[in-house]
Amino acid sequence: MVGEGKKKTMTMMLFTGPYGSQYADHMCRIADRALDKGYGVQIFLYGDGVHSQLKGQNPKAFFNVGEALTKLAEKGAVIKSCVRCSTARGYVEGEFNEKEERYPSSKTIDAVKIYSLYGYVEMLGNTDKAITLGSSN
Amino acid sequence: MSKILVLITHPPFGHENTFAGLYVASAALSKGLEVTVAMTGDGVYAGQKGQVDPLANINMPSTEDQIRDILDLGGRTIVDQDSMSERGITQEELIEEVEVQPLGKIQDVVLDEGEIIVTF
């Protein structure tokens, strides 16, 4: 495996949006614990999972997934989302920005970079563990 | 190089899951990764041939076309015979190149082929 003798890496894919289920919460809590245990954490938002990147989430009672993703990025998690899924759901506002390595959007939190699906493939090609959440809906 | 197993458990239409999973498989193959697609449960319907232009008819991509692309790219595709039997699907109804695994063997394939397992 790629992580032998060095920092281990975990890749998480979220396929469902926040609040309708707790998959996003579970992912964020597992990712946070993994970071605390010394893992490198890579997250890819796919399908309806891209809604977790929405800026300004304000749940009254639920776990705030947008804030959690921002904290995870601050702790070192790499977080990307699918451009095809994001475009379909109205997030993408232009062509790929080479300098920032992301597709532009004023509607998303800075912690998440909208990227091609190859971003997920690169994560899978460089990981010790892989988990998918929310694809059983 | 990691072996990636894409486990398909949803039917081809009605949900985005199967399209999304097969799309990951194609992308991974095009980047040189080793990929096996395993269809089980309602996922076995994705392997049926003769889909009549679903993109034009119901605005959903053809999983038959996606699987043929995966095979062309060198991917392995397997279908769980147990799930086929439960649903009355015969091997003749499937894309010819898709492998049908005997009863109970799908679990062995998942363990042998899946260093990295992603589920849809």
Side-chain angles (χ1 to χ4, degrees), chain A residues 1-4 6 8-17 20-21 23 26-27 30 34 39-52 80-90 115-137, chain B residues 1-43 45-46 55 58-61 63 66 69-70 73-76 83 110-120:
Chain A
M1 298 297 284
V2 292
E4 285 181 5
K6 60 177 185 179
K8 292 204 170 194
T9 301
M10 181 165 71
T11 297
M12 313 180 83
M13 187 270 282
L14 179 68
F15 198 69
T16 192
S21 71
Y23 286 112
H26 298 322
M27 183 194 72
I30 294 169
Y39 277 87
V41 171
Q42 309 177 119
I43 294 172
F44 195 79
L45 308 178
Y46 197 32
D48 278 346
V50 302
H51 288 311
S52 291
K80 294 180 178 177
S81 69
C82 170
V83 64
R84 186 171 182 153
C85 310
S86 296
T87 301
R89 291 158 179 83
Y115 208 80
S116 80
L117 183 60
Y118 291 128
Y120 183 46
V121 171
E122 287 164 8
M123 291 176 179
L124 291 178
N126 181 31
T127 197
D128 296 282
K129 293 178 183 289
I131 302 173
T132 54
L133 294 105
S135 54
S136 58
N137 287 350
Chain B
M1 186 66 73
S2 299
K3 289 182 178 179
I4 295 175
L5 185 125
V6 179
L7 189 62
I8 301 292
T9 66
H10 279 72
F13 312 117
H15 295 270
E16 189 182 19
N17 300 52
T18 298
F19 162 75
L22 296 175
Y23 192 40
V24 167
S26 293
L29 284 162
S30 70
K31 289 293 184 183
L33 300 181
E34 190 174 338
V35 177
T36 297
V37 175
M39 292 164 267
T40 187
D42 282 345
Y45 291 115
L55 191 60
I58 57 169
N59 295 108
M60 293 286 286
T63 59
Q66 285 188 286
D69 288 344
I70 287 165
L73 287 166
R76 184 182 182 198
S83 299
V110 169
L111 290 171
D112 292 343
E113 301 293 321
E115 290 177 355
I116 302 297
I117 301 172
V118 291
T119 308
F120 290 89

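Everything numeric here is computed off the predicted structure, so don't read it as measured data. We name chains A, B, ... by the order of the sequence lines, and we start the count at 1 in each one.
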- Query: So how far is it from B:Ile4 CD1 to A:Thr127 OG1, rounded to the nearest 0.5 Å?
  - Reply: 9.5 Å
- Message: Rounded at 0.5 Å granularity, tell me how far NZ in B:Lys3 sits from CG in A:Leu124.
- Response: 16.0 Å
- Looking only at atom types and distance, does a side-chain atom of A:Ser135 sit under 3.5 Å from a main-chain N or O of B:Thr119, one as donor and one as acceptor? yes
Donor-acceptor contacts, no H, no angles, side chain residues 23-30 of chain B, under 3.5 Å, sequence neighbours left out:
{"residue": "B:Tyr23", "atom": "OH", "partner": "A:Arg84", "partner atom": "NH1", "Å": "3.1"}
{"residue": "B:Ser26", "atom": "OG", "partner": "B:Leu22", "partner atom": "O", "Å": "3.4"}
{"residue": "B:Ser30", "atom": "OG", "partner": "A:Tyr118", "partner atom": "OH", "Å": "3.3"}
{"residue": "B:Ser30", "atom": "OG", "partner": "B:Ser26", "partner atom": "O", "Å": "3.4"}
{"residue": "B:Ser30", "atom": "OG", "partner": "B:Ala27", "partner atom": "O", "Å": "2.8"}

- Those residues at least two apart in sequence (or on a different chain) that pass salt bridge (charged side-chain N to carboxylate O under 4.0 Å, His left out) with A:Glu122 are none
- Can you sort out the partners of B:Thr40 under side chain to side chain contact (heavy atoms under 4.5 Å, CB included), two or more places apart, ordered by chain and number? B:Leu7, B:Thr9, B:Asp80, B:Ser83
- chain A contact via B:Ile117 - side chain, backbone, both or neither, heavy atoms under 4.5 Å: backbone
- Query: Which residues in residues 43-52 of chain A have a heavy atom less than 4.5 Å from any heavy atom of chain B?
  - Reply: A:Tyr46, A:Gly47, A:Asp48
